[in-house]
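Report on one structure; see the data block that follows.
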Amino acid sequence: MIPVPSRLTAREYAFLGLSILFWAGFVILLGKDTSWDFRNYHWYAPYALLNHRMGMDVAVAHQASYYNPYLDIPFYWLATHTRAWIALGVLGAVQGTNIVPLYLLARSVLRVDVDQADIKIMAGALSLLGLVGALTLTEFGTTYYDNVMSVFVLSALAILVLKRDTLAHGPLGKAAAISAAAGLVTGMAMGLKLPEMPFCMGFAAALVALGGSWKHQLARLLAGGIAGVIGVLIFSGPWLLYMYHLTGNPLFPYFNDYWKSPLALAAPYRDLRFVPAFRPWWQQLFFPVLFTLDWHVADDLGFQDIRVMLAYLLVIAAAIVWLLRRQSRDPLIDKRITAILFAFFAASYFAWLKFFAIYRYIILYEMLAPLLIIGAVGLLPLTRRSRYLLLGALAAACLLTARSDFLERAPIEDPYIEAALPPIPHPDKTIVVMTGDAPMGFIATTLPPQIPVLRIDGWMVQPRDGTRITQDMKKRVAAHLARGGDVILIADAGDMTRAHDALADYRLAVRWPECQQFDTNLIGTYQWCPLSQKS
């Protein structure tokens with residue numbers, strides 16, 4: 001194999017640039033994200049932070065009202081200060097930037113008997129294949145940000161692979177500096193979004209898999225670990241301290257069974273629906289097979305893609321062959337790089353399985369799966385021709401069987417969020433209460449800024465839960481009514497029975513003749529009802 005020069009050519013830069021522009025255009029054509037999470041908190045959270053509403057509103061976005069909002073600020077700022085299509089185009093471009101680390105990885109690791117130009121073409125094809133996974137496509141243009149955080153994590157992994165010789169055998173200072181740079185980027189991903197934590201475990205395992213002397217191992221782990229902690233603290237430290245000061249729990253309301261903030265129940269508040277820890281061992285072992293056959297096992301978003309399952313099964317098979325020393329003598333990816341990829345995949349997968357088991361948190365595996373599959377098939381004791389044919393068949397199977405269930409999108413128009421709210425006679429003397437589980441945080445951003453919004457009933461808070469949050473809201477509503485203030489209900493139009501029951505516990509009654517329905521420029525129909533106090 002002829003080695004590929006480390007520097008990119010003008011054609012390669014053009015390929016990467018045009019690819020990023022393509023994904024920007026793709027997102028603009030899709031339209032606005034109307035996902036549950038966007039309507040619940042991805043628009044409300046930055047609004048609440050930038051408008052100092054944390055002590056004013058209560059649980060508007062359920063548990064997510066207290067998530068770290070820093071990740072949502074750039075898109076919110078763009079969407080409120082520029083045109084909607086510009087904000088969406090920038091989001092698509094950032095998500096499309098995953099192609100850069102994917103291309104650099106593929107370009108530097110392939111060991112095939114072709115010339116430089118063909119290797120670059122193959123690397124380009126692999127990087128594009130990594131971006132057309134079922135859920136990866138679904139998340140383009142959405143604010144779940146799993147495919148934004150993947151840019152950080154894949155970039156850190158690319159640094160380790162591209163600088164593997166220096167990291168394993170170079171000067172200790174250089175090895176430490178490179179490890180610190182990669183660790184900082186990985187830590188920043190976790191700081192912005194805590195579910196990226198499994199990839200920090202994968203990063204640590206990849207550092208170990210690089211090999212080298214014990215001094216190099218120690219220098220890499222210390223530098224990478226310390227820089228990773230710094231990266232986490234940069235983007236989550238201020239928020240964790242603020243939450244601790246505000247609630248007594250830095251992760252409020254999560255893990256409140258440990259922190260025991262008096263505001264909420266002594267409960268974990270975690271979404272444990274998908275975690276297979278309490279299932280039979282065989283279900284844990286074959287979890288990727290299960291969520292490939294039925295996406296409900298590991299996510300709320302529909303998809304069909306076999307690539308992660310194939311990578312999982314083939315990595316296990318290749319690892320067994322490797323341990324038995326029966327691997328191919330001419331692997332398709334350098335064995336040291338294969339070890340790095342396998343270590344990263346295995347460690348992060350087991351951490352994800354233990355703590356989250358939500359598929360969209362690992363769509364990075366959809367992007368990395370083509371390389372993992374090539375690395376695994378490349379180790380199998382088959383002829384090179386047989387392995388090429390097998391890889392071709394697997395790639396075709398992935399493309400032919402994949403199915404993306406694209407979320408409903410809204411037309412691109414300005415302002416980005418708008419609600420056709422009825423007139424509010426006395427905004428300075430009005431409180432809005434919300435009920436039900438429907439995502440309505442985005443509606444709160446369209447109200448006059450002086451109006452507090454209290455979610456008196458939902459996933460996190462219920463009128464009879466006995467928490468101090470509920471007690472404080474009941475006192476607040478009662479005092480507001482005693483001063484002659486107005487109280488307005490906003491609820492999903494199809495959920496008024498639950499609203500009636502929740503309001504009864506607050507001694508509030510709906511003035512039904514005055515109720516009005518309204519809609520927004522995203523999705524849904526909502527009810528707007530003035531309330532009165534029961535005698």
Side-chain angles (χ1 to χ4, degrees), residues 101-102 105 109 130 133 146 149-150 153-154 156-161 164 167-168 179 182-183 186 189-190 195-212 217 220-221 224-225 228 274-277 281-292 298 305-327 331-359 361-380 394:
L102 287 173
L105 281 167
V109 306
D146 303 299
M149 295 298 94
S150 58
V153 179
L154 287 172
L157 185 61
I159 290 172
L160 298 189
V161 170
R164 57 191 178 275
L167 288 166
S179 299
T186 307
M190 179 179 168
E196 299 299 300
M197 177 275 292
F199 299 119
C200 294
M201 302 297 103
F203 174 77
L207 285 177
V208 174
L210 280 161
Q217 294 271 17
R220 290 197 306 263
L221 287 171
F274 306 115
V275 177
W281 67 268
W282 64 269
Q283 291 189 16
Q284 298 182 49
L285 180 61
F286 294 106
F287 195 57
V289 178
L290 296 177
F291 66 61
T292 299
D305 202 312
I306 64 173
R307 65 180 66 197
V308 175
M309 177 190 70
L310 291 177
Y312 177 80
L313 296 176
L314 286 167
V315 165
I316 292 175
I320 293 172
V321 169
W322 202 347
L323 289 172
L324 295 175
R325 300 183 182 277
R326 298 295 181 89
Q327 74 274 15
L332 303 179
I333 293 179
D334 181 271
K335 289 182 181 178
R336 190 150 54 101
I337 299 172
T338 302
I340 295 170
L341 295 178
F342 282 14
F344 172 82
F345 175 67
S348 54
Y349 171 79
F350 285 117
W352 167 81
L353 189 70
K354 172 72 174 177
F355 290 98
F356 302 109
I358 297 174
Y359 181 82
Y361 291 169
I362 55 165
I363 62 167
L364 180 150
Y365 292 160
E366 284 191 352
M367 303 178 196
L368 201 58
L371 278 180
L372 289 167
I373 291 171
I374 290 175
V377 171
L379 290 174
L380 298 181
L394 293 175

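Annotation for Phe342 and Ala318: closest pair CE2-CB, 4.0 Å, computed over non-hydrogen atoms. The two atoms that bring Gly202 and Ala347 nearest to each other are CA-CB, 3.9 Å, heavy atoms only. Taking all atoms of both residues into account, the shortest heavy-atom contact from Ala343 to Ala205 is O-CB, 3.5 Å. Between Ala182 and Leu160, the shortest heavy-atom contact is CB-CD2, 4.0 Å. In plain terms, the two heavy atoms of Pro276 and Leu353 that are nearest each other are CG-CD1, 3.4 Å. Contact record, Ser150 with Met367: OG-CE, 3.4 Å, taken as the closest heavy-atom pair.
Between Val275 and Lys354, every side-chain heavy-atom pair lies at or beyond the 4.5 Å cut-off. Counting heavy atoms from C-beta outward, Phe344 and Leu364 have side chains that approach closer than 4.5 Å. For the pair Val321 and Leu379, the minimum side-chain heavy-atom distance is 4.5 Å or more. In this structure, Ile340 and Leu210 have side chains that are in contact, with non-hydrogen atoms separated by less than 4.5 Å. Residues Leu341 and Leu157 are in side-chain contact: their nearest non-hydrogen atoms beyond the backbone lie under 4.5 Å apart. You'll find the side chain of Ile337 stays beyond 4.5 Å of the side chain of Leu371, heavy atoms only. Counting only heavy atoms from C-beta outward, the side chains of Thr338 and Trp322 approach each other to under 4.5 Å.
Atom CZ of Phe286 is separated from atom CG of Leu313 by 7.5 Å, given to the nearest 0.5 angstrom. For the atom pair CZ (Phe355) and CE (Met201), the distance works out to 8.5 Å, reported to the nearest 0.5 Å. Taking CD1 from Ile373 and CG from Leu310, the interatomic distance works out to 5.0 Å, rounded to the nearest 0.5 Å. In this structure, CD1 on Ile363 lies 12.5 Å from CG on Leu368, to the nearest 0.5 angstrom. The CD atom of Glu196 lies 10.0 Å from the OG1 atom of Thr186; values are rounded to the nearest 0.5 Å. With rounding to the nearest 0.5 Å, the separation of CG in Asp305 from OH in Tyr359 is 5.0 Å.
Sequence neighbours left out, the pairs with a member in residues 335-346 that pass salt bridge (charged side-chain N to carboxylate O under 4.0 Å, His left out) are Asp165-Arg336.
Not counting sequence neighbours, the partners of Phe345 by the ring pair (Phe, Tyr, Trp, His ring centres under 6.0 Å) test are Tyr365. Checked against ring pair (Phe, Tyr, Trp, His ring centres under 6.0 Å), Phe356 has the following partners two or more places apart in sequence or in another chain: Tyr361.
With hydrogens and angles ignored, the 3.5 Å screen pairs no side-chain donor or acceptor of Glu366 with any backbone N or O of Val308. Judged purely by atom type and a 3.5 angstrom limit, Arg220 uses its side chain to pair as donor or acceptor with the backbone of Gly211. Put simply, the side chain of Trp352 never gets that close to the backbone of Phe199: no donor and acceptor are under 3.5 Å apart.
Between Phe287 and Phe291, the two ring planes are perpendicular [angle over 60°; tilted spans 30° to 60°].
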